[in-house]
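See structure below.
Within every chain, numbering begins at 1; the chains are lettered A, B, ... in the order of the sequence lines, protein sequences first and strands thereafter. Note that the coordinates shown come from a computational prediction; the quantities given were computed from them, not determined experimentally.
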2 protein chains.
Amino acid sequence: MNAAAEGAGPYKGSASLSPSQQDYLKQIFLLNDTSRGATTQLLAERIGVRPASVTGMLKRLAEEGLVERAPYRAVHLTETGRRIAVELVRHHRLLEAFLSRTLGYRWDEVHEEAEALEHVISERFEQKVAELLADPDRDPHGDPIPTRELALEEDQHLRTLALLPKGSRGTIRRVTLQDQDALNLVERLDLLPGRAIEVAGIHPDGISLLVGGSRFLVPSLLAAHLLVDVAPHPSSTPPKKREGAGRPVTHEQ
Amino acid sequence: MNAAAEGAGPYKGSASLSPSQQDYLKQIFLLNDTSRGATTQLLAERIGVRPASVTGMLKRLAEEGLVERAPYRAVHLTETGRRIAVELVRHHRLLEAFLSRTLGYRWDEVHEEAEALEHVISERFEQKVAELLADPDRDPHGDPIPTRELALEEDQHLRTLALLPKGSRGTIRRVTLQDQDALNLVERLDLLPGRAIEVAGIHPDGISLLVGGSRFLVPSLLAAHLLVDVAPHPSSTPPKKREGAGRPVTHEQ
DNA sequence: GAAAAAAGTTAGCCGATCCTAATCGAGCTC
DNA sequence: GAGCTCGATTAGGATCGGCTAACTTTTTTC
Ligand SMILES: [Mn+2]
Ligand SMILES: [Mn+2]
Ligand SMILES: [Mn+2]
Ligand SMILES: [Mn+2]
């Protein structure tokens, strides 16, 4: 019973998909990029439904040619599905930038609002906002905004703080968290995008960090969500990778 | 089988209602204000569903204490229902003002976008937009924006152009149309809010109008949707009402 | 004031999306 | 490689908001 014959439906603009379908595609995209691939369970957690619901939706998305899927395996987006997902990520991050810059939202407030608006704004709205903000390339958390043509900068040079060796210096570029309390903590610690940091040491529970003169422990849980632009090793320690201090970073949006 | 026992559900914030339910409440509100009351058929037309669907939804809304209803009669909003409806109208018109002023939308483009956004923005968004625009009191079509406290100016002094007697002078204040082509026509004819006009004569098919030096026929269909602030009768003709040139004005939003 | 027309309602149905409970399969453990 | 565990799927059901077709009530017409 090989489900999902290839590409059943005709061309799909994101417009014809339900917000729910759009959220599935977006989460599949975000999970594929990072982490261990888009499994039923991870999707269920991110989207806030039960695994059985995910299976059901994935079947429908497969029928419409938006995902490719084999039972008991992780899903992947088709090219069509990917396009819709990236379009949605553009909406989301553009909206976050807009809410922050134009409407004066705090950075911990933008995510929730963007989560709902992303499904509803027109291409005109997207266009006008992009104009107003002069085509921003980062949202308030440092996440790259896909271009109008849906090209997405890859940030390959960024490294997770949790995995940096002692002595590393660099600049915080992205904070891949959405939870308001967590973001407020990051702000309290002055670990915002743009801050210069140095890894003073490795703890079992996190990273000892030098930021703006002070030194403190950044718990692994937090360190795993801070992406750092590492400076060309000025210190002694060779920049070799460590493993296991934190799991690969993801973040919902 | 007297359906709808009074006030079943607990307090409802507009947040807990589906976009569909919100649209029903809004249209009931707009129809009650004007026109012959919110009948099943009129609601069906405005909302774009079949009459049977309206009956079904009205039953559900009655159960939740948002409308009062007797079979075969027009519906009315309860106080709770009215509050939600006005909140939605505020969202809608505030959004139209925002889209027009801040994002540079044309006045014929704002309605459609606001129609979708109104259900999705948070109170924070409403608040921030109101601040940004310094609490505007009119949307681009001249429709009054309910205040934060949901007070709605009544515009009782405005009269439908279609019903004005020959010789009346005044200023166009509201254009209660949403259709893009119709709005473009209005713009072409320079009948925008703020324009001074004089009724040069009554035709069977409309009104002969003097606007900015030129004189032309405004078809009844259009005239019924132009609300005029009538100047204290400077001309001879006593300002007595005419009937039948057009039906009472309404407009969806 | 009856009959016709129009408006409203009911009954039965459908698709989308979610749920719970039960079953199935993949992959690690020993 | 036989189990066991955990993740995934299936089965069955609920709710929501739409639809059509048939029926009922109100309103208009003459
Ligand atoms: Mn979303
Ligand atoms: Mn972000
Ligand atoms: Mn709407
Ligand atoms: Mn308007």
Side-chain angles (χ1 to χ4, degrees), chain A residues 1-4 8-9 12 14-28 31-32 35-76 84 115-116 119 247, chain B residues 1-4 8-9 12 14-28 31-32 35-64 66-76 115-116 119 247:
Chain A
M1 56 205 59
N2 165 18
K12 290 278 168 191
S14 48
S16 58
L17 299 180
S18 69
S20 191
Q21 291 178 310
Q22 292 178 10
D23 275 336
Y24 278 88
L25 294 179
K26 188 180 65 170
Q27 292 306 336
I28 294 166
L31 282 172
N32 270 342
S35 199
R36 290 138 302 183
T39 63
T40 299
Q41 192 148 79
L42 279 173
L43 284 170
E45 277 166 27
R46 302 282 164 111
I47 294 166
V49 298
R50 296 322 198 99
S53 305
V54 173
T55 301
M57 179 62 92
L58 291 182
K59 279 189 193 166
R60 264 171 274 144
L61 292 174
E63 262 162 34
E64 304 196 32
L66 300 171
V67 306
E68 268 165 28
R69 189 182 105 80
Y72 298 97
R73 311 281 317 279
V75 255
H76 295 275
I84 294 172
E115 196 59 45
H119 306 289
R247 43 186 208 73
Chain B
M1 61 203 63
N2 165 18
K12 290 279 170 193
S14 49
S16 58
L17 299 179
S18 69
S20 192
Q21 291 178 309
Q22 293 178 11
D23 275 336
Y24 278 87
L25 294 179
K26 188 180 63 169
Q27 292 306 338
I28 294 167
L31 281 172
N32 271 341
S35 199
R36 291 138 302 187
T39 63
T40 300
Q41 192 149 78
L42 280 173
L43 284 170
E45 276 166 27
R46 304 281 164 109
I47 295 166
V49 299
R50 296 323 199 99
S53 305
V54 173
T55 301
M57 179 61 92
L58 291 182
K59 278 189 196 169
R60 264 170 272 143
L61 292 174
E63 263 163 33
E64 305 199 28
L66 299 171
V67 305
E68 268 166 29
R69 189 183 107 78
Y72 298 97
R73 313 280 318 278
V75 256
H76 295 276
E115 197 59 44
H119 306 289
R247 41 185 208 74

Nucleotide C:dA16, atom P - distance to CD of A:Gln22 in whole Å: 15 Å

Spacing of A:Leu58 atom CG relative to D:dG7 atom C1', expressed in whole Å: 14 Å

Sugar-phosphate only, base, or nothing, as touched by A:Thr55 at under 4.0 Å among non-hydrogen atoms: base

A:Leu42 CG to D:dC6 P, straight-line distance once rounded to whole Å: 16 Å

Which residues share a side-chain contact (heavy atoms from CB on, under 4.5 Å) with B:Ala52, sequence neighbours left out: none

Nearest non-hydrogen partners of B:Tyr24 and B:Leu43, listed with the distance: O-CD2, 4.4 Å

Base versus backbone protein contacts along nucleotides 17-27 of chain C [heavy-atom cut-off under 4.0 Å; B, S, -]: BSBB---BS--

Spacing between B:Glu45 atom CD and D:dG18 atom P, to the nearest angstrom: 16 Å

A:Leu43 CG to D:dA8 P, straight-line distance once rounded to whole Å: 9 Å

Shortest non-hydrogen contact from B:Asn32 toward B:Val75: OD1-O, 3.6 Å

CA sep, side-chain torsions, deciding dist, call: B:Glu45, B:Leu42, side-chain contact (heavy atoms from CB on, under 4.5 Å): CA-CA 5 Å; B:Glu45 276 166 27; B:Leu42 280 173; 4.0 Å; yes

Taking every non-hydrogen atom, the tightest pair across B:Ala74 and B:Gly37: CB-C, 4.5 Å

Nearest-angstrom distance from the residue atom CD of B:Glu63 to P of D:dG17: 12 Å

Distance in Å, B:Gln41 CD paired with B:Arg50 CZ, rounded so as to fall on 0.5 Å steps: 10.5 Å

B:Thr39 side-chain N/O to C:dA7 phosphate OP1/OP2 under 4.0 Å: no

Below 4.0 Å: OP1/OP2 of C:dT9 and any side-chain N or O of B:Lys59: no

